[in-house]
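In what follows, a structure is listed as structure tokens, so that the remarks can point back to it.
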There are 2 protein chains.
Amino acid sequence: MEQAQVFSDFLTHKGLKSTIQRKLILETFLASRSHCSIEDLYLKLRKKHSKIGYATVHRTLKLLVECGIAIEQHFGDGHARYEPVRENSHHDHLVCRECGEIIEFEEPRIEQLQNQVAMAHNFTIISHRHELYGLCSGCAQK
Amino acid sequence: MEQAQVFSDFLTHKGLKSTIQRKLILETFLASRSHCSIEDLYLKLRKKHSKIGYATVHRTLKLLVECGIAIEQHFGDGHARYEPVRENSHHDHLVCRECGEIIEFEEPRIEQLQNQVAMAHNFTIISHRHELYGLCSGCAQK
DNA sequence: AGGGTTTTGATTATCATTATCGATTGATAA
DNA sequence: TTATCAATCGATAATGATAATCAAAACCCT
């Protein structure tokens, strides 16, 4: 099922309404580069629909997180970032401190070790975050 | 060299002054449970030195981070937490979403895989964060 | 001990996020 | 289609953590 349908069903199920703003925000979010901030999306949306409010973008992104279409990320610059959820594709991040580039990585062996660690502490994992901060290849050369 | 000396040398080197507040904050910080917030420390300090200001605690913790005595952690509840740095003992965290308990873990095999990931991207690691969020054994039973 | 500089503590500013509120819109039933 | 009414919008104010400001006090060096 495509995301627009998932969102629509989610809204109906919660007794919420489908509005042109919500549709537009979802559409713009999905068409954007990954890891965009609220500010990024807001500015892009203003070009199509100049009256849209910052609060509406904010509220709608929370809804997208709630219904599983987006996930919220924090990389330490004080701006929450949002990323579309892809099926069967968990990944973590390399974050360049210099240019801000964000590179995704997957390492199933790390995930497996994580599970071992949790098990050793009788801990039930709900989610995790794993980020490596440093310099990307371009910035390291300078 | 003990931490009080490290801090004192750091202050001298930077042309900063040793004050009773700074000494008291360091002392109280080192005596506290790990992962304490600014609020935690502030409240504890007020009992010994009722006039100390919130801003002073805040500023001094930043200094402790700068001179390598403390590290700052963020576990997603909006409160920065500070932890004394121990030599040769890097660790990461399990964070209970229910009771807030923070459990430390070390897994050299994960660190090794991290390095491999970074190398594959020509990425230079400066620091990293790795946190597993979920339920501790106590909270999972309920 | 004294003078110049830093620090303190109280307060205010800042920034991201969240709450509020009157006007407007969407969904449902007549 | 229209009426109804709750949900939503957009603007703005509130919030909360952190950072900046500034006069008074403390510190350090001579």
Side-chain angles (χ1 to χ4, degrees), chain A residues 4 7-28 35-67 70-82 100, chain B residues 4 7-28 35-67 70-82 100:
Chain A
F7 191 36
S8 172
D9 289 356
F10 167 80
L11 292 173
T12 303
H13 182 70
K14 296 256 295 184
L16 305 176
K17 294 174 180 172
S18 278
T19 64
I20 54 172
Q21 287 90 344
R22 286 176 175 167
K23 286 175 191 161
L24 186 61
I25 291 168
L26 172 59
E27 183 188 307
T28 306
H35 315 110
C36 59
S37 65
I38 293 176
E39 182 81 15
D40 292 339
L41 261 183
Y42 174 69
L43 292 175
K44 190 174 289 191
L45 283 157
R46 294 286 285 198
K47 293 181 185 169
K48 301 187 199 176
H49 186 298
S50 64
K51 299 281 297 212
I52 205 162
Y54 199 93
T56 302
V57 180
H58 198 281
R59 283 182 290 228
T60 304
L61 280 171
K62 296 288 177 191
L63 289 175
L64 293 180
V65 170
E66 201 179 333
C67 73
I71 53 176
E72 191 178 309
Q73 309 268 4
H74 292 264
F75 296 131
D77 64 351
H79 296 266
R81 292 175 180 282
Y82 295 85
Chain B
F7 191 36
S8 172
D9 289 354
F10 167 79
L11 292 173
T12 302
H13 182 70
K14 295 255 297 182
L16 305 176
K17 293 174 179 173
S18 279
T19 64
I20 53 173
Q21 287 90 341
R22 286 175 176 166
K23 285 176 192 160
L24 186 61
I25 292 168
L26 172 60
E27 182 188 308
T28 307
H35 315 111
C36 58
S37 66
I38 294 175
E39 182 82 16
D40 292 340
L41 262 183
Y42 174 68
L43 292 176
K44 190 174 289 191
L45 283 157
R46 294 286 284 198
K47 292 180 186 169
K48 303 188 199 173
H49 186 297
S50 64
K51 299 280 298 212
I52 204 161
Y54 198 93
T56 303
V57 179
H58 196 279
R59 284 183 289 229
T60 303
L61 281 171
K62 297 286 176 191
L63 289 176
L64 293 181
V65 170
E66 202 179 332
C67 73
I71 52 175
E72 190 177 309
Q73 308 269 3
H74 292 264
F75 296 132
D77 64 350
H79 296 267
R81 290 174 182 283
Y82 295 84

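In what follows, chains carry the letters A, B, and so on, assigned in the order in which the sequence lines appear, proteins first and then strands, with residues in each chain numbered from 1.
- When rounded to the nearest whole Å, the span between CG of A/Leu61 and P of D/dT8 equals 16 Å.
- Of the residues in residues 12-24 of chain A, those placing a heavy atom less than 4.0 Å from an atom of DNA chain D are A/Gly15, A/Leu16, A/Lys17, A/Thr19, A/Gln21, A/Arg22, in numerical order.
- What separates CZ of A/Phe7 from P of C/dG26 is a distance of 15 Å, to the nearest Å.
- DNA chain D is contacted by both A/Ile52 and B/Asp77; A/Ile52 maps to the nucleotide lying nearer its 5′ end (nearest heavy atom per residue).
- With hydrogens and angles disregarded, no donor-acceptor distance shorter than 3.5 Å links the side chain of A/Arg81 to the backbone of A/Glu72.
- Across all non-hydrogen atoms, the minimal contact from A/Tyr82 to A/Ile38 is CE1-CG1, 3.6 Å.
- Between C/dT17, C/dA10, D/dA11, one nucleotide has an atom nearer to the side chain of B/Arg59 than all others, and that is C/dA10.
- Taking atom NE2 of residue B/His49 and atom P of nucleotide C/dA10, one finds them 10 Å apart after rounding to whole Å.
- Remark: C1' of D/dT8 and CG of A/Leu63 are 11 Å apart, rounded to the nearest angstrom.
- Under the 3.5 Å distance criterion, the side-chain polar atoms of B/Arg22 are left unmatched by any main-chain donor or acceptor of B/Phe7.
- A donor-acceptor pair under 3.5 Å is formed between the side chain of B/Thr60 and the backbone N or O of B/Thr56.
- Distance, B/Ile38 CD1 to D/dA17 P: 10 Å, rounded to whole Å.
- As rounded to whole Å, 18 Å separates atom P of D/dT12 from atom NE2 of A/His58.
- Annotation: of the two residues near DNA chain C, A/His74 and B/Lys51, the 5′-most nearest-nucleotide partner is B/Lys51.
- No hydrogens or angles considered: a donor-acceptor pair under 3.5 Å links the side chains of A/Thr28 and A/Lys48.
- When the P atom of C/dT6 is taken as reference, atom CZ of B/Phe10 falls 15 Å away, rounded to whole Å.
- For B/Thr56, the side-chain atoms get nearest to C/dG9 when compared with the rest of C/dA19, C/dT17, C/dG9.
- Listed here is the closest heavy atom pair of A/Tyr42 and A/Ile52: CE1-O, 3.5 Å.
- A side-chain donor from one of B/Ser37 and B/Asp40 sits under 3.5 Å from a side-chain acceptor of the other.
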